[in-house]
Amino acid sequence: MDSDREKLASVPSHQITLPVRDYDLGLTLSSGQAFRWQAVEGEWEGVIRGHWVSLKPVPGGIVARTARPVRDWDWLREYLRADEDLNSVVSHFPRDPAIHAALAACPGLRLLRQDPWECLASFILSSTKQIVQIQQIVAKLCERWGEAIPTADGDRLAYAFPSAETVAALEERDLRECKMGFRAAYLLQTARIIAEGKLDLEELSQLTVGTARERLESLPGVGPKIADCVLLFGYGFQEAFPVDVWILKALQQLYFPKRQVTLRQMREFSRGHFGRFAGYAQQYLFHYMRTQNRQ
DNA sequence: CTCCAGGCGCCTT
DNA sequence: AAGGCGCATGGA
């Protein structure tokens with residue numbers, strides 16, 4: 001019986017159902033950690049490590065459809081962190097009113113585990129841009145310079161995220177065509193450093209979070225905030241706590257309503273206060289602030 | 001029209 | 001160490 005199931009599971013297929021709970025797929029994919037997801041008729045279409053995939057929430061799980069038959073679905077489980085137990089993460093949060101409100105405001109919000117290069121490049125492009133605009137820039141970059149890949153419906157194509165080597169071979173004006181402005185030079189220089197092997201992105205996952213952060217911050221266009229985003233969303237260093245303008249507002253308003261606190265002091269405070277899964281707490285506070293601000 | 005956006009690098013104190 | 005400013009671009 002079990003061996004039959006093994007055999008069935010290893011047969012290449014265009015579809016799989018991943019069992020998950022406490023998982024708001026739409027909220028997670030549109031929460032500003034990844035920039036390539038599009039809502040199409042109740043499903044979410046995107047590209048993960050060169051696989052076009054469509055995801056649909058169903059009771060008790062997520063149904064994934066691909067263009068080509070797939071034997072090993074680990075890339076998808078890893079990306080969605082499908083095996084992570086949200087309750088055990090939340091149990092490590094500090095018990096304060098701010099976290100409580102943020103948790104209540106966005107149940108089922110998750111962290112993704114993205115490809116490090118795509119994550120790094122995307123967040124280099126994120127500085128002083130709104131999420132919608134980052135999505136547009138990344139879409140242009142992929143359409144213009146990414147490899148064309150098949151989708152589930154015949155003639156329509158999707159595009160992979162261009163590799164560091166591909167970007168490194170371009171000129172700055174090629175990148176500026178994608179409307180990324182002054183970020184073009186940063187992306188190009190960073191791509192060349194990686195393509196030349198001067199920094200090994202694969203190796204970073206084996207370092208301590210502090211050393212990995214130092215390496216990332218040595219790249220042009222990568223400061224503390226972007227480094228923390230890459231550590232959190234691309235490598236799964238769950239203690240990383242990106243501090244951007246929204247989080248600054250959130251911490252100021254929720255934890256220091258009486259006195260003005262500098263960005264540096266906020267980084268200091270967040271390191272001590274939020275614990276092992278600080279990155280998850282950050283994502284909840286970030287999204288909480290964004291939704292509050294909408295009205 | 002002005003203001004600001006999931007910042008960073010460089011230049012002053 | 002800490003603060004101010006310019007940087008491209010587009011949406012509100």
Side-chain angles (χ1 to χ4, degrees), chain A residues 27-37 102 105-106 109-112 114 116 118-141 144 170-191 193 199 213-235 237 240-254 259-271 274 278-295:
Chain A
L27 180 61
T28 299
L29 297 179
S30 63
S31 66
Q33 24 176 342
F35 303 101
R36 298 212 60 200
W37 293 96
C106 21
L109 178 61
R110 298 291 194 126
L111 287 180
L112 302 168
Q114 302 173 53
E118 177 173 341
C119 188
L120 171 62
S122 299
F123 277 94
I124 286 175
L125 299 176
S126 77
S127 83
T128 37
K129 279 289 176 194
Q130 300 184 75
I131 291 173
V132 181
Q133 297 175 318
I134 304 166
Q135 290 168 340
Q136 290 167 355
I137 294 170
V138 170
K140 282 192 171 71
L141 178 66
R144 189 81 180 77
L170 301 177
E171 299 296 330
E172 188 176 325
R173 64 172 177 277
D174 301 325
L175 293 172
R176 281 184 182 258
E177 284 175 13
C178 303
K179 305 299 179 187
M180 59 183 73
F182 62 86
R183 303 158 195 82
Y186 294 147
L187 179 61
L188 182 57
Q189 291 171 51
T190 288
I193 289 169
L199 180 67
R213 184 182 286 116
E214 275 178 33
R215 299 277 169 86
L216 288 170
E217 287 185 6
S218 75
L219 295 167
V222 182
K225 189 273 176 180
I226 291 175
D228 271 353
C229 284
V230 178
L231 291 170
L232 182 61
F233 304 138
Y235 287 99
F237 285 106
F241 190 97
V243 179
D244 68 349
V245 288
W246 289 100
I247 289 298
L248 207 53
K249 271 188 240 178
L251 296 182
Q252 180 71 62
Q253 180 181 312
L254 299 169
R259 65 186 176 95
Q260 191 71 29
V261 184
T262 67
L263 194 141
R264 204 175 201 83
Q265 291 172 306
M266 287 301 194
R267 291 209 176 93
E268 203 61 32
F269 164 75
S270 61
R271 257 201 291 281
F274 293 105
Y280 250 103
Q282 186 272 0
Q283 195 62 14
Y284 275 88
L285 290 172
F286 174 74
H287 201 271
Y288 178 51
M289 277 312 273
R290 280 218 308 151
T291 50
Q292 292 300 99
N293 217 274
R294 262 200 200 132
Q295 58 239 355

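To find a chain, count down the sequence lines: A is the first, B the second, and so on, and within it residues start at 1. The structure presented is a predicted model; accordingly, all values stated were derived computationally and were not measured.
Between the side chain of A:Q33 and the backbone N or O of A:L112 there is at least one donor-acceptor pair closer than 3.5 Å.
Of the candidates A:H287, A:Q283, A:R110, A:Q283 is the only one forming a side chain to side chain donor-acceptor pair (under 3.5 Å) with A:S31.
Within the 4.0 angstrom heavy-atom criterion, base atoms lie near A:Q283. Counting any heavy atom pair closer than 4.0 Å across all strands shown, A:V222 reaches sugar-phosphate atoms only and no base atom. Within 4.0 Å (heavy atoms only), A:G223 reaches sugar-phosphate atoms of the nucleic acid but no base atom. Across all strands, A:F286 comes closer than 4.0 Å to base atoms (heavy-atom distances). A:S31 comes within 4.0 angstrom of a base, heavy atoms only.
For A:Q133, taking side-chain heavy atoms from C-beta onward, the closest of the listed nucleotides C:dA1, B:dG7, C:dG11 is C:dG11. You'll find that the side chain of A:Y186 is closest to B:dG9, out of B:dG9, C:dA8, C:dG10. Here the nucleotide nearest the side chain of A:T262, chosen from B:dG7, C:dG3, C:dG11, is C:dG3. Checking C:dG11, C:dT9, B:dG7 against every side-chain atom of A:Q136, the shortest atom distance belongs to C:dG11. Among the nucleotides C:dA8, C:dG10, C:dT9, the one closest to the side chain of A:Q130 is C:dG10.
When rounded to the nearest whole Å, the span between NZ of A:K179 and P of C:dT9 equals 6 Å. The CG-C1' distance, from A:L141 to C:dT9, rounds to 16 Å in whole Å. Distance, A:F182 CZ to C:dC5 C1': 12 Å, rounded to whole Å. Taking atom CG on A:D244 and atom C1' on B:dA5, their separation rounds to 10 Å, with Å as the unit. Rounded to whole angstrom, the span from the CG atom of A:L219 across to the P atom of B:dG7 amounts to 18 Å. Rounded to an integer number of Å, the gap from A:I134 CD1 to C:dA8 C1' is 14 Å. Note: NZ (A:K129) to P (C:dG10) measures 7 Å, nearest angstrom. Whole-Å rounding puts the A:L263 CG to B:dG9 P distance at 14 Å.
Look at the P atom in both B:dC11 and C:dA8: the space between them is 16 Å, to the nearest Å.
For the atom pair CG of A:L188 and CD of A:E171, the computed distance is 7.5 Å after rounding to the nearest 0.5 Å. For the atom pair OG1 of A:T128 and CG of A:D244, the computed distance is 12.0 Å after rounding to the nearest 0.5 Å.
A donor-acceptor contact under 3.5 Å links the side chain of A:R183 to the base of C:dA8.
Using cut-offs of 30° and 60° on the angle between ring planes, the pair A:F237 and A:Y235 is tilted.
Take the nearest nucleotide of DNA chain B for A:C229 and for A:G221: the residue whose nucleotide is more 5' is A:C229.
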Run the numbers on A:F241 and A:F286 for ring pair (Phe, Tyr, Trp, His ring centres under 6.0 Å), then give the verdict. CA-CA 11 Å; A:F241 190 97; A:F286 174 74; over 10 Å; no
